[in-house]
*Asks:* 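Have a look at the structure that comes next, please.
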Amino acid sequence: MEILPLTGSLGAEIFDADIRQEEDFDEIQAAFSKYSVIVLRGQNVGPKDHLAFARRFGPINVNRFFKPVDEYPEIATVLKESDQKEAVGEGWHTDHSYDAEPAMGSILHAIEMPPFGGDTLFVSMGAAYEALSAPMREFLDGLTAIHSSRHVFGAAVMDSEAVKSGRLGNAEAATQDTRHPVVITHPFSGRRGLFVNPVFTTKIEELDSQESEAILTMLYAHCQQPEFQCRVRWKVGDITMWDNRATWHKAINDYHGFRRLMHRVTVEGGPLSHNITA
Ligand code: SIN
């Protein structure tokens, strides 16, 4: 297989690999650890192969809110129809950060793509953290943040197009409020990175509301610098896997009038810590 880095901060494209082949797995896993986002080109495989590949990394973590794929309750549908305006995942976020043990990774398979657009952007949270000044890193190092599912998937969004169209549901299960360190140490690499995101993080616990908002606004602007990003341009059949402990992502909603269908599987994670625990 051929592995080509996408940018200096994160991401790599992988050509001539086959997610079904056990002998390809070690190299794929090593690339995932190194680049945090891997784009496996040309995986014309079915849902069973998608799940089997995910299980090589760990148990499946089933999303509570996304419409499941027919006959495959462990696979979430990520869909925008040609007559819909809202895309699922258009805000910068980290999947499942509202869980006490957020999913370690997400594996997205492109089933149907628009003729243009519909790319996904990623940010390296390690690169963003390292680019902060030493006094700011020191200030953030001891803080914790609250993450919630309520305002994103709960009763407050019942009127949204995504809920009304059945793409998102199960609002009564949106009861998660959890605390994570603002800066985590990646459980495998030991690299420090920011772990707050604009969609699910509601407050830095130790600060008052105004201070928290000011610091989060500053961090979000800092993280969105192009130097920390990579952009995945999809073709049908591609699979992209990202590390939720090391990245943010965002679906670009620039293909109105066309359908985009993806299948997503998330893999269980573990507790997050400011310090190395393993
Ligand atoms: C997601 O947020 O998991 C979906 C990303 C995408 O559709 O590009």
Side-chain angles (χ1 to χ4, degrees), residues 6 10-11 13 32 36-41 43 47 50-51 53-54 57 60-69 72 74-82 84-99 102-123 125 147 149 151-153 157 160-163 165 167-170 174 197-201 223-224 229-256 258-269:
L6 278 170
L10 82 170
E13 286 180 290
F32 176 64
S36 302
V37 176
I38 51 171
V39 189
L40 293 139
R41 297 291 184 192
Q43 304 297 318
H50 189 177
L51 285 166
F53 176 63
F57 287 89
I60 307 298
N61 174 299
V62 181
N63 182 283
R64 302 171 184 84
F65 310 111
F66 287 41
K67 184 175 185 285
V69 171
Y72 295 95
E74 294 163 300
I75 307 182
T77 307
V78 179
L79 171 67
K80 185 179 168 226
E81 294 285 8
S82 57
Q84 295 173 341
K85 292 281 170 270
E86 294 169 9
V88 173
E90 9 176 334
W92 286 111
H93 65 286
T94 301
D95 293 333
H96 302 195
S97 76
Y98 47 79
D99 277 330
M104 81 89 163
S106 304
I107 307 174
L108 195 65
H109 191 200
I111 309 297
E112 211 177 313
M113 289 304 292
F116 53 80
D119 299 353
T120 309
L121 279 175
F122 294 88
V123 168
M125 302 312 286
H147 300 241
S149 62
H151 60 290
V152 182
F153 298 116
V157 296
S160 68
E161 183 193 66
V163 172
S165 62
R167 288 181 288 164
L168 295 179
N170 206 18
N197 67 84
V199 170
F200 297 118
T201 306
C223 290
Q224 286 175 53
Q229 295 185 10
C230 75
R231 179 171 185 136
V232 173
R233 307 202 67 187
W234 296 88
K235 285 201 170 69
V236 168
D238 293 342
I239 284 185
T240 296
M241 177 169 186
W242 59 88
D243 185 332
N244 283 309
R245 285 91 47 100
T247 60
W248 275 358
H249 62 281
K250 167 187 167 57
I252 302 182
N253 186 7
D254 61 351
Y255 52 94
H256 299 305
F258 297 99
R259 189 173 201 255
R260 179 181 186 268
L261 173 64
M262 321 291 272
H263 287 177
R264 196 182 83 183
V265 176
T266 34
V267 180
E268 287 285 6

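As the structure lists them, so they are numbered: ligands from 1, and atoms in each ligand from 1.
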*Asks:* What residues form a ring-ring contact (aromatic ring centres under 6.0 Å, His included) with Phe57, not counting sequence neighbours?
*Replies:*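 Counting only residues at least two positions away or on another chain, Phe57 forms a ring-ring contact (aromatic ring centres under 6.0 Å, His included) with Phe25, Phe32, Phe53.
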*Asks:* Output all residues satisfying ring-ring contact (aromatic ring centres under 6.0 Å, His included) with His263, sequence neighbours left out; order by chain, then residue number.
*Replies:*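 Checked His263 against ring-ring contact (aromatic ring centres under 6.0 Å, His included); zero matches.
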*Asks:* Name the residues with a heavy atom less than 4.0 Å from ligand 1?
*Replies:*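 Shell around ligand 1 (4.0 Å, heavy atoms): Val78, Gly89, His93, Asp95, Leu108, Thr120, Trp242, His249, Ala251, Arg260, Arg264.
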*Asks:* Taking the six-membered ring of Phe66 (Phe, Tyr or Trp), confirm whether the NZ or CZ of Arg264 is under 6.0 Å from its centre and within 45° of its axis.
*Replies:*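 Because its charged atom sits under 6.0 Å from the ring centre and within 45° of the axis, Arg264 does stack over Phe66.
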*Asks:* Any ion pair linking Arg41 and Glu13 (charged N to carboxylate O, less than 4.0 Å)?
*Replies:*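 Arg41 and Glu13: salt-bridged.
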*Asks:* If you count the non-hydrogen atoms of other residues, nucleotides and ligands that lie under 6.0 Å from CZ in Arg233, is the total more than 12?
*Replies:*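 Result for CZ/Arg233: open.
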*Asks:* Does anything in residues 246-256 pair up under salt bridge (Lys or Arg N to Asp or Glu O under 4.0 Å), and if so which pairs, sequence neighbours excluded?
*Replies:*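 Qualifying pairs, neighbours excluded: none.
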